[in-house]
Amino acid sequence: MAFGAEGDGEVQALDGTGGPRRVPDLAAEIRELERTEGPRWVWESTARDYPRLLAAGVRVARCHDVELTEGLLLARDGVFGGPRSAAAVLARRRGVEPPADRPREDQPSLFGGAPPTPLADVVAAWRVQDERLGALRLLAAAESAGGLAAAEMSHDGVPWRADAHDALLTELIGPRPAPGMRPRLLQNLADSISAAFGSHVNPDSPQQLLKAFAQVGHPVSSTRRWELRKVDHPAVPHVLEYKELARLYTAHGWSWLDAWVRDGRFRPEYVVGGVVSGRWASNGGGALQIPKVLRRAVVADEGWSLVVADAAQLEPRVLAALAGDGAFTEAAAQGDLYAALADAFPETPGGPSRRDKAKIALLSAMYGGGTGEAVALLAVLRARFPAAFDYVEEAARAGERGASVSSLLGRVSPSGTAEYRELITTAEGRRAALSRGRFTRNFVVQATAAEWALALLALLRLRLRDRRAHLVFYQHDEVIVHTPDDEVEEVRAAVAEAAGEATELLFGRTPVVFPLHTSVVASYADAK
DNA sequence: ACTGGGGGCGCC
DNA sequence: AAAGGGCGCCCCCAGT
């Protein structure tokens, strides 16, 4: 049964047995109904309202999130970035222009504040969506579950040792500087760079760097790392080191620590479905770009552990399951897919190993690479694994002509605009077409991989419901569970079972396996 | 003083 | 080894 909860403290059973009821304490009411009925809650926005429930100590198992669902339905109709509120859903149904979504701070809330969305509107919007879902039903449920998991992870936070973070920064770039100053070791590097060039150069300025390299007889077309690495000049090692450490300082230095870590927890804000492919994005805090070196600051509480699990070779396995290529699927039934493919590729003395060749060929096929040596490797892939090759090739062709493509569960990519279709008839349009082809080629794999990972997350979340262990981090193909030591084995098992269940849910009975690398560690830095 | 594009790099 | 896909965030710098 579904229950609507919205407005100024109202709930309603959605099986036709009764109208809306106003309740004095909505959080308490939801807690009780969750216990006795276990419904799928229908509400407008998990991101907006669930944090308040969590703060009140209430968690729910399932929901239908009107806004997330509308995002999926709109994409199916070729609309991206349109308003997704209940009011927008109802306006579209009536054939009138939907109102823009209100800015977050003006939005109504389950708990007062701005004028609430009427429960009747949310219920009506749900009915509209429920009728329209069709093949998107499973994805909408998964996306909504993702919304719950995201809010819960933000609420619980990643255990983060500010002292370890500070010590690491001090070791790498020197102690925290006075405002406006560079940390000592960064300043030393900047000085070395100027000394090597024989003139003052600000390494934060790509333009100054370009000019400086030109003046010392080493013109470069950009100051990218791989470009500079080719240059033989004494400034280069200092520049490369400066870039690496300066990035750590600006993006994850002390101001980041001040802004994002409190009471031993890093609480990022996830944006569920924030990427067209269905991957999540994050809003502030850079939750999905934490530098590896900082993993040392992620440390389980005393008496607790981190269970870190990441899916191995997820994307090529997804391609295997999607394409159903006999020989390729057989390789994907093995623990090391690339090794299982290696035999198909020729040995060349002094060149990459056969396993590396298999990997290069696969990555090129999935990302749209294929220059230089990869050309020959792609030809091998095409000859030996035609169905897998054709699967991504067909997606690329569709993209090039401006069509959209879909993931397994029905997430739809943006299609080419009218301008795009015009453009590709011209000679200059070829570049744009190739670029779009690379995008759609990757979309079918990346979006389906995101669905597998989302299913894993959702199913694992349900398995952990009655435990003290809880999910604290999720990043594309990886989850971290913070667990009391005495639940470690149960959590390990839960992760493995959830992965199996996710595979079955998406692909049914497939020979393809989706192995997880699972580590139980005190610090994230020790995983793998 | 603010804004927005570009360059560059962190993660997958 | 380099080069393809997806992001967010920071800096610089030129435009207002």
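Naming: A, B, ... by sequence-line order, numbering from 1 per chain.
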- Message: When you measure from the side chain of A/Ser413 to the backbone of A/Val405, do you find a donor-acceptor pair of N or O atoms at a distance under 3.5 Å?
- Response: yes
- Item | Upstream residue (5' side of DNA chain C) when A/Lys230 and A/Val271 are each assigned their closest nucleotide | A/Lys230
- Would you kindly compare A/Glu373 and A/Arg438 by the position of their nearest DNA chain C nucleotide and give the one closer to the 5′ end? A/Glu373
- Message: Regarding A/Asp163 and A/Arg161, does a basic nitrogen lie under 4.0 Å from an acidic carboxylate oxygen?
- Response: yes
- Item | Salt-bridge criterion met for A/Arg463 and A/Glu501 (N-O under 4.0 Å) | yes
Sequence-distant partners of [X], salt bridge (charged side-chain N to carboxylate O under 4.0 Å, His left out), two or more places apart:
X	value
A/Asp204	A/Arg182
A/Arg411	A/Glu143
A/Asp166	none
A/Arg461	A/Glu152

- Check: A/Trp256 ring centre within less than 6.0 Å of A/Tyr249 ring centre: no
- Message: Check for me whether A/Arg436 meets the cation-pi criterion with A/Tyr420, that is, NZ or CZ under 6.0 Å from the six-membered ring centre and within 45 degrees of the ring axis.
- Response: yes
- Name all residues meeting the ring pair (Phe, Tyr, Trp, His ring centres under 6.0 Å) criterion together with A/Phe514; count only those two or more places apart in sequence or in a different chain, and write none if there are none. A/Trp452, A/Phe507
- Query: Does C/dG4 fall in syn (glycosidic angle within 90° of 0) or anti?
  - Reply: syn
Would you be so kind as to tabulate the donor-acceptor pairs closer than 3.5 Å made by side chains of residues 223-230 of chain A, with sequence neighbours excluded?
| unit_1 | atom_1 | unit_2 | atom_2 | d |
| --- | --- | --- | --- | --- |
| A/Glu227 | OE2 | A/Ser221 | OG | 3.2 |

- Dot-bracket for DNA chain C, 5' to 3', Watson-Crick and G-U pairs with both distances under 3.5 Å, [ ] for crossing pairs, | for partner on another strand, reads ....||||||||||||
How many whole angstroms separate atom [atom1] of [X] from atom [atom2] of [N]?
X	N	atom1	atom2	value
A/Arg229	C/dA3	CZ	C1'	13 Å
A/Asn283	C/dG8	CG	C1'	10 Å
A/Arg436	C/dG6	CZ	P	10 Å
A/Leu319	C/dG4	CG	P	21 Å
A/Arg411	C/dG6	CZ	P	15 Å
A/Leu294	C/dC9	CG	C1'	14 Å
A/Leu434	C/dG5	CG	P	10 Å
A/Asp356	C/dA2	CG	C1'	13 Å

- Could you check which residues of residues 336-345 of chain A get a heavy atom under 4.0 Å from DNA chain C? Sort them by number, please. none
- Task: Output every pair passing side chain to side chain donor-acceptor pair (under 3.5 Å) with a member in residues 170-180 of chain A, not counting sequence neighbours, ordered by first then second residue.
- Result: A/Arg176-A/Asp258
- Message: Applying a 4.0 Å non-hydrogen cut-off, can you work out what A/Gly285 is touching in the nucleic acid: base, sugar-phosphate, or nothing?
- Response: sugar-phosphate
- Under 4.0 Å between any heavy atoms, over every strand shown, what does A/Ser364 touch: base, sugar-phosphate, or nothing? Just pick one. nothing
- Does any non-hydrogen side-chain atom of A/Val392 lie less than 4.5 Å from one of A/Val445? yes
Enumerate all atom pairs, one protein N or O and one N or O from nucleotides 14-16 of chain C, separated by less than 3.5 Å.
none

- Message: Check this one for me: any side-chain N or O of A/Ser205 less than 4.0 Å away from OP1 or OP2 of C/dC11?
- Response: no
Look for any protein N or O under 3.5 Å of an N or O in nucleotides 7-12 of chain B and output each such pair with its distance, or none.
| unit_1 | atom_1 | unit_2 | atom_2 | d |
| --- | --- | --- | --- | --- |
| B/dG8 | OP1 | A/Thr223 | N | 2.6 |
| B/dG8 | OP1 | A/Thr223 | OG1 | 2.2 |
| B/dG8 | O3' | A/Lys243 | NZ | 3.3 |
| B/dG8 | N2 | A/Arg247 | NH1 | 3.4 |
| B/dC9 | OP1 | A/Arg225 | N | 3.3 |
| B/dC9 | OP2 | A/Arg225 | N | 3.1 |
| B/dC9 | O2 | A/Arg247 | NH1 | 3.2 |
| B/dG10 | OP1 | A/Arg225 | NH2 | 3.4 |
| B/dG10 | OP2 | A/Arg225 | NH2 | 2.2 |
| B/dG10 | O4' | A/Arg247 | NE | 2.7 |
| B/dG10 | O4' | A/Arg247 | NH2 | 3.3 |
| B/dC11 | OP1 | A/Lys292 | N | 2.9 |
| B/dC12 | OP1 | A/Arg295 | NH2 | 2.7 |
| B/dC12 | O3' | A/Asp477 | OD1 | 2.6 |
| B/dC12 | O3' | A/Asp477 | OD2 | 2.8 |
| B/dC12 | O2 | A/Arg279 | NH1 | 2.7 |
| B/dC12 | O2 | A/Arg279 | NH2 | 3.1 |

Please list, one pair per line, the donor and acceptor atoms closer than 3.5 Å that link side chains of residues 208-220 of chain A to other protein atoms, with sequence neighbours excluded.
| unit_1 | atom_1 | unit_2 | atom_2 | d |
| --- | --- | --- | --- | --- |
| A/Gln208 | OE1 | A/Asn202 | N | 2.8 |
| A/His218 | NE2 | A/Asp232 | O | 3.2 |

